[in-house]
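Notes for the one structure printed next.
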There are 2 protein chains.
Amino acid sequence: MSDDKVTLAHVARLAGVSMITVSKVLNNKGRISEATRARVLQAANQLGYVANSAARSLRGRPTQILGMVIPELVSPYFAEVARAAADSASQMGYDLAVFTTSRDPERERERVGTLLGGLADGLVFVVPIGAAGFLATLERSRSPVVLVNHFGAPTHLPVVRADSFEGSLAAVRHLIALGHRRIGFVSGAAHSSQAAERLRAYRECMMAAGLWDEQLVRPGDFTQGRGVEAGHELLSLENPPTAIFAASDLTAFGVIAAARSRGLRVPEDLSVVGFDDIPAAAHSHPGLTTVAHPIPAMARAAVELIARAMAGEKVRDVLIEFPSELVVRDSSAPPPAPGDRRKSP
Amino acid sequence: MSDDKVTLAHVARLAGVSMITVSKVLNNKGRISEATRARVLQAANQLGYVANSAARSLRGRPTQILGMVIPELVSPYFAEVARAAADSASQMGYDLAVFTTSRDPERERERVGTLLGGLADGLVFVVPIGAAGFLATLERSRSPVVLVNHFGAPTHLPVVRADSFEGSLAAVRHLIALGHRRIGFVSGAAHSSQAAERLRAYRECMMAAGLWDEQLVRPGDFTQGRGVEAGHELLSLENPPTAIFAASDLTAFGVIAAARSRGLRVPEDLSVVGFDDIPAAAHSHPGLTTVAHPIPAMARAAVELIARAMAGEKVRDVLIEFPSELVVRDSSAPPPAPGDRRKSP
DNA sequence: CTTTTTAGAGTTAACGTTAACCCATAACCT
DNA sequence: AGGTTATGGGTTAACGTTAACTCTAAAAAG
């Protein structure tokens with residue numbers, strides 16, 4: 001009942017021809033008579049033959065597969081990136097093989113090797129926090145590689161990324177324009193260059209407006225849980241903020257949860273702005289004011305860049321940067337009039 | 001500057017040893033002197049050597065990679081399944097390679113072949129609408145395979161799935177218990193067996209309660225857009241429903257949007273219940289009453305099953321079914337008192 | 001001082017597929 | 001008839017890696 005692997009040899013024997021003939025039929029190469037072709041296809045079907053892609057790719061054939069290495073799929077941001085890329089790839093006739101690495105550098109290296117070592121024709125590498133230590137290796141590789149959201153060490157590899165600075169600037173300016181003077185900030189993970197950009201924008205803007213106060217900045221890690229903690233920390237200050245800018249939407253949700261648990265209303269008592277514009281931001285109540293990365297556009301650009309590289313085009317040193325954009329929803333409003341604010345316990 | 005692929009041979013030449021020695025060092029096999037080992041590692045590093053996984057797997061070595069073939073990542077349900085599986089796999093020391101097929105049967109076959117043909121040690125196949133036509137082929141394969149959410153033709157392959165019937169029953173009963181008598185239903189995609197189960201539960205429950213009316217059932221396709229349309233259709237009936245059960249959360253959001261655009265409040269004027277419990281369901285306003293599949297548990301079960309199969313255990317004919325569960329939030333409430341309801345234009 | 005053991009390295013062959021040739025046969029020219 | 005060209009198909013030799021041996025020299029045992 002259960003054969004082992006079915007190989008070309010099995011099909012060939014059943015069809016009464018050589019392996020090569022089978023290979024030619026299956027790849028539509030060379031000249032084969034209709035009769036032989038039919039016999040081979042029938043035999044292949046009967047045996048349930050499926051080509052061994054490892055052997056095939058070892059022989060140097062393109063696989064029509066694009067690889068993606070991404071830190072994780074758990075956070076909505078990365079999930080969005082993966083699905084957008086899968087979409088774009090599919091539209092261009094490629095399939096996307098998505099690998100997660102849990103941010104383990106050893107795994108990153110391995111997975112990149114797996115993909116470039118024959119499995120995939122090209123690689124989209126979504127750079128994790130802290131960037132990869134083996135970009136040099138990647139540069140040396142002949143295979144087309146595109147880095148997504150790389151902000152680290154300079155490289156000749158093509159990069160597609162979304163700006164975090166301008167969008168963050170817009171967010172803080174928005175809050176200042178609404179009349180806020182005490183604006184808290186919950187930052188992203190320590191080694192994320194995206195997080196650094198967001199903090200830099202906040203700092204620059206606050207300093208320029210003469211509103212800078214180190215107490216208003218709390219470390220974060222992009223998670224919701226940390227948002228809750230940081231929210232409580234900020235709201236416990238003796239001169240608490242009337243608005244909080246969080247470096248991710250999840251963190252912003254955490255801040256909102258913290259505020260509510262203290263009896264504060266959003267946005268009447270506290271304005272909250274997030275970053276990422278994950279789908280939940282639009283569906284939450286109140287709708288979350290946030291900064292959006294154009295993820296589908298980025299994904300499309302990355303896939304297109306890969307395709308161009310595979311077509312032989314030179315893409316060294318290409319850098320495509322997408323602007324981030326402030327999306328104003330309902331979680332930001334003017335600060336409460338002095339004395340009008342509910343006191344948090 | 002740019003070498004071609006770096007192979008064992010290159011490393012071997014640089015280190016002044018044979019390829020085999022290099023292989024042994026890199027795989028920690030055989031006896032190698034410390035001096036040689038160090039020399040080889042240094043050479044490998046210097047050249048940026050990465051093993052060619054195609055060749056390696058061709059040779060029969062396990063890859064520590066689990067494959068997942070899934071229709072798409074665009075809908076939150078599938079995205080959740082993928083991320084949960086990646087999580088479980090990672091915890092068990094495996095990596096998950098996720099392939100999307102856009103529901104193209106040809107592609108499914110190809111991708112399954114790619115994965116089983118050396119790339120992956122096992123396969124989690126999330127069965128698309130209408131099931132796969134090549135389960136027989138899969139059954140014959142020696143590689144461990146688990147089907148997720150398979151409801152189609154009987155198979156000996158192990159299956160992990162979530163029930164849709166009981167949860168749907170609970171949802172409709174919940175609405176009836178609240179006092180609703182006119183309960184609409186927007187179904188899922190035509191060929192989805194999950195959708196069929198949900199419809200079957202609705203029909204059975206409504207008939208048992210003497211509330212069945214064919215007019216109240218509208219075809220759907222799991223999308224939000226179709227939810228909007230179907231919502232309008234149902235609310236335009238001369239005797240419109242006071243509650244609508246949608247076969248997916250996205251569709252439910254569409255129904256809510258339709259209701260709001262007609263000036264109806266949810267849940268005061270119209271109760272809405274979804275299915276899936278996607279993350280947005282918890283964050284939306286009002287929180288969506290819905291039926292939850294225990295996706296993380298399913299994913300874990302699937303991965304564990306694969307692991308057991310790889311360990312040699314017999315898993316033929318295993319069927320693990322998880323119950324679905326009604327999650328009551330704020331989008332369902334008693335129907336408005338007669339005459340009290342806002343009229344939709 | 002010979003024999004046995006063992007550490008350390010190398011040889012051979014094979015995994016499944018296919019590119020690049022090569023070899024028949026038959027049909028077509030001049 | 002002798003040569004040329006299609007046509008249909010087979011041979012050979014890799015792709016990069018590694019399992020299972022084999023070989024060598026030196027250390028340990030007798």
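Residue numbers start from 1 in every chain, and the chains themselves are labelled A, B, ... in the order their sequence lines are given, proteins ahead of strands.
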Which residues satisfy the salt bridge (charged side-chain N to carboxylate O under 4.0 Å, His left out) test with [X], sequence neighbours excluded?
X     : result
A/R83 : A/E80
A/R59 : none
B/R39 : none

Problem set entry | Residue pairs fulfilling ring pair (Phe, Tyr, Trp, His ring centres under 6.0 Å) with at least one residue in residues 65-91 of chain B, sequence neighbours excluded | B/Y77-B/H293
Exercise. Is there any ring pair (Phe, Tyr, Trp, His ring centres under 6.0 Å) pair reaching into residues 12-66 of chain A, and which pairs are they, with sequence neighbours excluded?
Worked result: none
Using whole Å, what does the distance between atom [atom2] of nucleotide [N] and atom [atom1] of [X] come to?
X     : N      : atom1 : atom2 : result
A/H10 : C/dT17 : NE2   : C1'   : 14 Å
B/L8  : D/dT18 : CG    : C1'   : 9 Å
A/Y49 : C/dG16 : OH    : C1'   : 7 Å
A/L26 : C/dT17 : CG    : P     : 9 Å

For this session: Could you pull out all residues at least two apart from B/R13 that satisfy side-chain contact (heavy atoms from CB on, under 4.5 Å)?
Result: B/H10
Problem set entry | Residues forming a side-chain contact (heavy atoms from CB on, under 4.5 Å) with A/S90, sequence neighbours excluded | B/S102, B/R107
Exercise. What is the nucleic acid contact for A/A51, judged by heavy atoms within less than 4.0 Å: base, sugar-phosphate only, or nothing?
Worked result: sugar-phosphate
Exercise. Picking from C/dT17, D/dT18, C/dG16, which would you name as closest to the side chain of A/R56?
Worked result: C/dT17
Exercise. Think B/R61 has a side-chain N or O under 4.0 angstrom from the OP1 or OP2 of D/dT17?
Worked result: no
Exercise. Within the structure, does a side-chain N or O atom of B/N52 lie under 4.0 Å from either OP1 or OP2 of D/dC15?
Worked result: no
Problem set entry | Degree of bending, the helix from C/dC1-D/dG30 to C/dT30-D/dA1 (end axes from five pairs; round to 10°) | 50°
Exercise. If only atom types and distance count, is the side chain of B/N52 paired as donor or acceptor with the main-chain N or O of B/A54 below 3.5 Å?
Worked result: yes
For this session: Give a yes or no answer on whether the side chain of B/R161 reaches the backbone of B/V148 with a donor-acceptor pair at less than 3.5 Å.
Result: no
Using a 3.5 Å cut-off and no angle test, enumerate the donor-acceptor pairs between side-chain atoms of residues 62-74 of chain B and protein atoms at least two apart in sequence or in another chain.
unit_1 : atom_1 : unit_2 : atom_2 : d
B/T63  : OG1    : B/I65  : N      : 3.3
B/T63  : OG1    : B/L119 : O      : 2.8
B/T63  : OG1    : B/D121 : OD1    : 3.0
B/Q64  : NE2    : B/G93  : O      : 3.4
B/E72  : OE1    : B/V74  : N      : 2.8
B/E72  : OE1    : B/S75  : N      : 2.7

Could you go over nucleotides 10-13 of chain D and give all protein N or O partners under 3.5 Å, atom names and distances?
unit_1 : atom_1 : unit_2 : atom_2 : d
D/dG10 : OP1    : A/S18  : N      : 3.4
D/dG10 : OP2    : A/S18  : N      : 3.4
D/dG10 : OP2    : A/S18  : OG     : 2.8
D/dG10 : OP2    : A/T21  : OG1    : 2.1
D/dG10 : O6     : A/K24  : NZ     : 2.7

Side chains of residues 302-312 of chain A: which donor-acceptor partners sit under 3.5 Å, not counting sequence neighbours?
unit_1 : atom_1 : unit_2 : atom_2 : d
A/R308 : NE     : A/E313 : OE1    : 3.4
A/R308 : NE     : A/E313 : OE2    : 3.1
A/R308 : NH2    : A/E313 : OE2    : 3.0

Exercise. Quick one, which residues of residues 28-36 of chain B touch DNA chain D with a heavy atom under 4.0 Å?
Worked result: B/K29
